[in-house]
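Below is one structure; the comments refer to it alone.
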Amino acid sequence: MQKTRVLLILSGLMILAAVLMAFPGSLGRVPNAVAAADSNSHGFDLADLDTTCNACQDFFQYANGGWIKRNPIPPEYASWGRFNEVQNHNQEILRVILEAAAEDKSAAAGSLEQKIGDFYSACMNMEQIDAAGIGPIQPQLDRIAAISTLAQLEDEVAHLHSQGARVLFFFSSAQDDKNSRQMIAVANQGGLGLPDRDYYTKDDARSKQLREQYVQHITKMMELAGDDPAQASSEAATVMSIETQLALASKTRVERRDPQSNYHKMDAAQLRMLTPDFAWETYLREIGFPNIHGVNVGQPEFFQALDKQLKATPIADWKIYLRWHLLRTFAPALSSNFVEENFDFYGRTLTGAKELQPRWKRCVISTDRELGQALGQKYVQKAFPPEAKTRAHEMVENLVSALHSDIQTLPWMSDPTRKQALAKLAAMNLKIGYPDKWRDYSAYRVARDSYVANLERGNTFEFHRQLAKIDKPVDRGEWDMSPPTVNAYYDPNMNEIVFPAGILQPPFFDAMADDALNYGGIGAVIGHEMTHGFDDQGAQYDAQGNLHNWWTAEDLKNFKERTACIEKQFDSFVVADDLHENGKLVLGESIADLGGLTLAHMAFDHTLAGKPEPPKIDGFTPEQRFFLSFARIWATTARPEFERMSVTVDPHPLPRFRANGALMNMPAFAQAFDCKPGDPMMKPAGQVCKIW
């Protein structure tokens with residue numbers, strides 16, 4: 001991940017927003033929204049089930065087979081599931097808001113209505129965009145063409161960073177892992193055009209083919225930019241050579257999951273020693289923040305290798321590399337020929353999507369990305385009633401009580417560690433729906449004249465907004481997701497769980513539905529995010545959000561033995577052929593899935609205590625409906641290309657494994673559906689994984 005403060009995102013198919021937003025034309029699974037208006041909005045449709053499948057053989061198929069059969073993947077998607085249904089519902093709401101704002105040309109200059117209306121209007125104006133061609137980024141191309149020295153090259157890297165192009169490395173702000181009250185500058189590895197360093201290093205046939213297709217794609221893009229075929233082909237080979245060296249110096253995603261080994265706070269003198277040929281003082285001056293006191297360099301070995309590469313690679317080659325990344329960054333906002341070619345590789349080739357999403361959807365996503373809290377204010381007025389927030393708060397309180405009770409009774413944890421775990425839980429903050437204080441966009445100028453110009457100004461605004469936090473106290477009221485987002489996260493430095501309004505909808509949450517469905521849906525989501533505070537990464541942070549060991553040696557040993565059980569389980573899941581899930585990569589999310597389901601079940605049981613057994617609904621007991629509700633939120637199908645990409649870059653397991661993997665470790669599930677020893681959904685007693 002690109003931040004020291006890791007956001008542990010709910011959906012495995014949602015994390016690709018972070019990956020694919022680096023390639024905006026690929027339009028993979030992006031966080032955003034279920035059609036809340038169907039006739040079964042307060043329950044579930046029996047037609048979603050596949051009763052030809054035994055629940056104890058494959059519960060994911062049993063709970064979702066009917067839905068999957070009736071919901072083929074639309075051509076513009078790489079995968080399709082419940083999250084996408086909600087996403088579409090939210091996007092329709094946002095579309096109405098944005099079209100009204102775009103039509104209102106009398107909105108006061110600088111108002112939220114003017115900004116979101118003008119941004120959306122400029123994005124939708126394809127006649128203007130096609131007429132402009134590559135023109136909007138020509139001044140930037142001219143800057144790159146004028147580079148003749150290493151110093152000028154480094155200046156341009158700083159400029160491109162401010163424009164949203166993540167060349168060479170990633171630079172921003174984050175909370176200091178060792179002092180969570182303060183913000184610090186962070187520098188992490190980066191600079192690649194493919195989704196992960198493994199795409200450059202693996203020797204299997206599929207990886208080699210993708211590298212060839214990537215080179216072909218660069219060649220075509222350079223031709224669109226005006227180069228002749230021979231020159232474009234040579235330039236593509238140059239880019240591939242440079243990026244391969246960057247990839248070889250990069251840590252794997254598994255290695256980057258260890259916060260301790262990715263914390264190296266350095267002052268100016270240490271930075272000079274680390275990279276004698278890269279002038280950090282010049283870089284910091286160029287980005288407008290010359291007085292930064294220290295930088296957490298996540299991967300020092302990468303920067304040492306980059307420093308050598310900067311000097312060894314000719315300036316002419318670096319100019320080609322910068323030019324390519326400028327094109328790649330803005331291709332989705334340029335004329336149709338650039339958009340189509342960008343999608344052909346990042347969409348069709350990498351994810352298997354067949355068609356571009358409609359222009360209006362792409363413009364809704366772009367507006368939400370650039371002006372999410374401006375647009376979000378309008379969204380919550382239409383889609384998030386106060387009673388939904390109240391009910392969600394009540395459920396969170398019940399989940400907190402369940403985890404508190406669980407920690408108090410864990411047989412493998414000693415009292416000193418237990419005391420610290422309870423203190424961390426007590427300090428955990430909750431955010432629901434939307435921020436108490438909205439983001440100020442007054443410094444971000446938006447106009448109808450140019451979509452690219454709006455993106456450039458927006459990227460610069462956000463880059464400097466993030467850097468302005470460095471060496472200052474943390475703003476604990478800030479949100480990292482916009483209100484319409486269909487997702488949730490736990491932030492280990494903040495020690496907080498955050499639930500945007502966008503996810504508090506059916507099938508995750510319905511204020512009119514029975515407890516079984518809500519606890520199996522949003523209850524498991526809430527428990528998932530709470531458990532992230534105690535997964536293999538979150539457990540390394542204390543109640544104040546500092547990277548600090550609060551475990552006794554024996555308890556930590558017990559904890560790691562239990563997490564190893566989950567790692568082994570997910571290593572065994574076969575995606576296709578000889579491709580398996582990577583247990584180490586998905587460990588944190590799999591711990592959270594199991595913990596979240598366990599806590600939600602405990603909280604649901606508590607709602608039944610002392611009451612008469614509720615009647616069956618549609619032939620299912622409350623227990624069965626709870627587990628059906630959990631499984632159905634993961635109803636998803638995906639194209640093979642997308643699944644292969646997910647297994648490489650995504651710390652979340654594929655949805656079918658998220659559903660079945662957690663349920664296999666739940667004796668209450670086996671009891672509810674009368675599973676017998678030997679059934680695939682019932683693990684032998686000695687192999688059941690249990691942590692929280």
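No hydrogens, no waters, no symmetry mates; every other heavy atom, side chains included, goes into these values. Just so it is clear, the model here is predicted, and its values are computed rather than measured.
Qualifying side chain to side chain contact (heavy atoms under 4.5 Å, CB included) partners for Asp436, counting only residues two or more places apart in sequence or in other chains: none. Applying the salt bridge (Lys or Arg N to Asp or Glu O under 4.0 Å) test to Lys265 and every residue at least two apart in sequence or in another chain returns Asp176. Contacts of Cys56 classified as disulfide bond (SG atoms under 2.5 Å apart), with partners at least two apart in sequence or in another chain: Cys675. Applying the salt bridge (Lys or Arg N to Asp or Glu O under 4.0 Å) test to Lys557 and every residue at least two apart in sequence or in another chain returns Glu561.
Using modelled atom types, one finds a donor on one side chain and an acceptor on the other under 3.5 Å when comparing His601 with Glu623. Looking at Asp510 and Asn518, their side chains never bring a donor and an acceptor atom within 3.5 Å of each other. Side-chain atoms of Ser401 and Asn398 form no donor-acceptor pair, as typed in the model, at a separation below 3.5 Å. Donor-acceptor pairing under 3.5 Å is recorded for the side chains of Lys683 and Asn665.
The backbone N or O of Phe642 lies less than 3.5 Å from a partner atom in the side chain of Ser646, making a donor-acceptor pair.
For the pair Phe570/Ile566, a side-chain contact is recorded, criterion being any heavy-atom separation below 4.5 Å from C-beta on. Counting only heavy atoms from C-beta outward, the side chains of Thr598 and Trp692 never approach each other to under 4.5 Å. Between Trp550 and Thr417, the closest side-chain pair of non-hydrogen atoms falls below 4.5 Å.
Seen from the ring of Tyr489, Lys431 does not count as a face-on cation partner, given the 6.0 Å and 45° thresholds.
For the side chain to side chain contact (heavy atoms under 4.5 Å, CB included) with Leu403, the qualifying choice from Thr531, Ile526, Leu599 is Leu599, the only one to do so.
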- Task: Any chance you could lay out the ring pair (Phe, Tyr, Trp, His ring centres under 6.0 Å) test for Phe669 and Phe673, step after step, and finish with the verdict?
- Result: CA-CA 6 Å; Phe669 162 77; Phe673 285 90; 5.4 Å; yes

- Message: Does Phe303 form a ring pair (Phe, Tyr, Trp, His ring centres under 6.0 Å) with Phe169? I'd like the steps, not just the answer.
- Response: CA-CA 8 Å; Phe303 285 91; Phe169 60 92; 5.5 Å; yes

- Task: Could you walk me through whether Phe59 and Phe627 pass the ring pair (Phe, Tyr, Trp, His ring centres under 6.0 Å) test, one step at a time?
- Result: CA-CA 9 Å; Phe59 194 71; Phe627 292 116; 7.4 Å; no

- Query: Passes ring pair (Phe, Tyr, Trp, His ring centres under 6.0 Å), Tyr490 versus Phe534? Steps please.
  - Reply: CA-CA 11 Å; Tyr490 170 79; Phe534 303 93; 8.0 Å; no

- Task: Please step through side chain to side chain contact (heavy atoms under 4.5 Å, CB included) for the pair Leu430 and His393, ending with a clear verdict.
- Result: CA-CA 9 Å; Leu430 167 68; His393 263 291; 3.4 Å; yes

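For residues 564-578, the set of pairs meeting the salt bridge (Lys or Arg N to Asp or Glu O under 4.0 Å) definition, not counting sequence neighbours, comprises Glu567-Lys584, Asp577-Arg644. Applying the salt bridge (Lys or Arg N to Asp or Glu O under 4.0 Å) test to residues at least two apart or on different chains, the pairs with a partner in residues 404-429 are Asp415-Arg418.
For the pair Arg476 and Glu496, the salt-bridge criterion is not met [side-chain N within less than 4.0 Å of a carboxylate O]. Between Glu581 and Arg658 no salt bridge is recorded (no basic side-chain N to carboxylate O distance below 4.0 Å). Residues Arg253 and Asp198 are not paired through a salt bridge, judged by the lack of any N-O separation under 4.0 Å between the basic side chain and the carboxylate.
Within a 6.0 Å sphere centred on NZ of Lys560, other residues, nucleotides and ligands contribute 12 heavy atoms or fewer. Heavy atoms from other residues, nucleotides or ligands lying under 6.0 Å from CD of Gln182 number more than 12. For His264, the NE2 atom sits in a packed shell: over 12 heavy atoms of surrounding residues, nucleotides or ligands are nearer than 6.0 Å.
Taking the six-membered ring wherever Trp is involved, the centroid distance between the rings of Phe573 and Phe657 falls below 6.0 Å.
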